[in-house]
Peer 1: 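Below is a structure I'd like to ask you about.
Note that this is a predicted model, so its numbers are computed, not measured. Letters A, B, ... mirror the listed sequences (proteins, then strands); counts begin at 1.
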Amino acid sequence: MNIKVSNFNLKDTVTCGQIFRFKEEDDLSYTVVLSDRVVNLKLEDDNLIVDSNNMDNIEEVIKSYFDLDFDYDSLNDKLIEIDSSNKEIIDACNGLKMINEPRVEVIISYILSANNRVPQIRKTLDNISERYGEKVLFRNKEYYLFPTVEKLKKVSIEEYRDCKAGFRDKYIYEMINKIDSGEFDINSIDNMDSVEAMEYLMKNNGIGEKVASCILLFGYHRFDVFPIDTWVKKYMKEKYNLEKVPEIRNFMKEKYDKNSGLIIQYIFNYSRNKK
DNA sequence: CCCCAGGTCGTCA
DNA sequence: TGACGACATGGG
């Protein structure tokens, strides 16, 4: 089926480091494992061609996951108004959307991201999914959904280690069990402002400032938090001669306030692609 | 064999 | 608070 889209940059949205479990196909379409199904997406002009093993409610599912109904244009205009040099950065990844990732998956994914490389994060997530997630057949190939908490609560620290989680094995184990017991309530974050939400997330082992902001940005659509990583640091050093994280944080907060997370993601993408 | 990765933790001052 | 080494894993 087709979905009419405008200003949607499928490639950058999928590949810019928000999500890990996707594959670029030979025809330049993207196969992505969502929470309850596998989808293949191909962009032809303003048509998003969607295929899936489960087409129920597919338009709503895709629009929600890829944030297609959110108005980015006016935010982008605002960012350019604040600093006209942002035009180059935004143009470089124009149409990039902030994905709405399933919450448990985004928490586990970014716990894994600490001191880790993207291919390794992906491999570990695939291992966990293959061992404990539901198998799905799509276009004659096997895929595995990210496991439910019901499944993961039975997984031991050693088993996470076997999935190559490394020293983060215990963090995942603890987090899943807190989610299962209700000690950590993934939905209570909706009722917190971002400062409270950061504190709530960072009470857990394995979640620091960087991981917490990724979780809020990609899992909770919070544009007022922003991860500061090596690529952003590099850009800030070159452009503004800012090196320390607190300095960068204050600078961005003052300059962009509620939209710092969005411009940071553009900067990340820009800086990383430029190499 | 060393270095590092979308960092965080524990420890020690 | 702030600095600093350790930490699993795998690729360069």
Peer 1: Considering only atom C1', compute the distance from dC9(B) to dG10(C) and round it to an integer number of Å.
Peer 2: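 Straight-line distance between the two C1' atoms is 22 Å.
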
Peer 1: Using atom C1' in both nucleotides, what's the gap between dG2(C) and dG6(B) to the nearest angstrom?
Peer 2: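 Result for the C1' pair: 23 Å, nearest Å.
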
Peer 1: Side-chain contact test, heavy atoms from C-beta onward, threshold under 4.5 Å: evaluate it for Tyr30(A) versus Asn40(A) and give yes or no.
Peer 2: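 With C-beta onward as the side chain, the pair stays apart.
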
Peer 1: If we only count heavy atoms from C-beta on, is the Tyr65(A) to Ile99(A) side-chain gap below 4.5 Å?
Peer 2: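 Contact flag for Tyr65(A)/Ile99(A) side chains = yes.
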
Peer 1: What class does the angle between the rings of Phe70(A) and Phe223(A) fall in, given that below 30° is parallel, 30 to 60° is tilted and above 60° is perpendicular?
Peer 2: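 Perpendicular: the ring planes of Phe70(A) and Phe223(A) meet at over 60°.
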
Peer 1: Verify the cluster assignment for Leu145(A) and Leu112(A): are they in a single hydrophobic cluster under the rule of side-chain heavy atoms below 4.5 Å apart?
Peer 2: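 Unlinked, Leu145(A) and Leu112(A) end up in two clusters.
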
Peer 1: Using atom P in both nucleotides, what's the gap between dG11(C) and dT8(B) to the nearest angstrom?
Peer 2: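 Nearest-Å result for dG11(C) against dT8(B) at atom P: 24 Å.
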
Peer 1: Going by the angle between their ring planes, with limits at 30° and 60°, are Phe184(A) and Tyr200(A) parallel, tilted or perpendicular?
Peer 2: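 Ring orientation, 0 to 90° scale: parallel.
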
Peer 1: Would Arg168(A) and Tyr160(A) count as a cation-pi pair here, with the cationic atom under 6.0 angstrom from the ring centre and within 45° of the axis?
Peer 2: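 Ring-cation test returns no.
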
Peer 1: Parallel under 30°, tilted from 30 to 60°, perpendicular over 60°: which one fits the rings of Phe20(A) and Tyr110(A)?
Peer 2: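 Correct class here is tilted.
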
Peer 1: Please encode protein proximity along nucleotides 6-13 of chain B as a string of B, S and -, counting only heavy-atom distances under 4.0 Å.
Peer 2: BBSSS---

Peer 1: Heavy atoms under 4.0 Å, any strand shown: does Arg161(A) hit a base, just sugar-phosphate, or nothing?
Peer 2: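 Contact class for Arg161(A): sugar-phosphate only.
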
Peer 1: Reading DNA chain C in the 5' to 3' direction, which nucleotide is the first one with an atom under 4.0 Å from a heavy atom of chain A, and which is the last?
Peer 2: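 Range of nucleotides touched by chain A: dC7(C) to dG11(C).
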
Peer 1: May I ask you to decide whether Lys151(A) forms a salt bridge with Glu134(A), counting only side-chain N to carboxylate O separations under 4.0 Å?
Peer 2: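 Glu134(A) and Lys151(A): not salt-bridged.
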
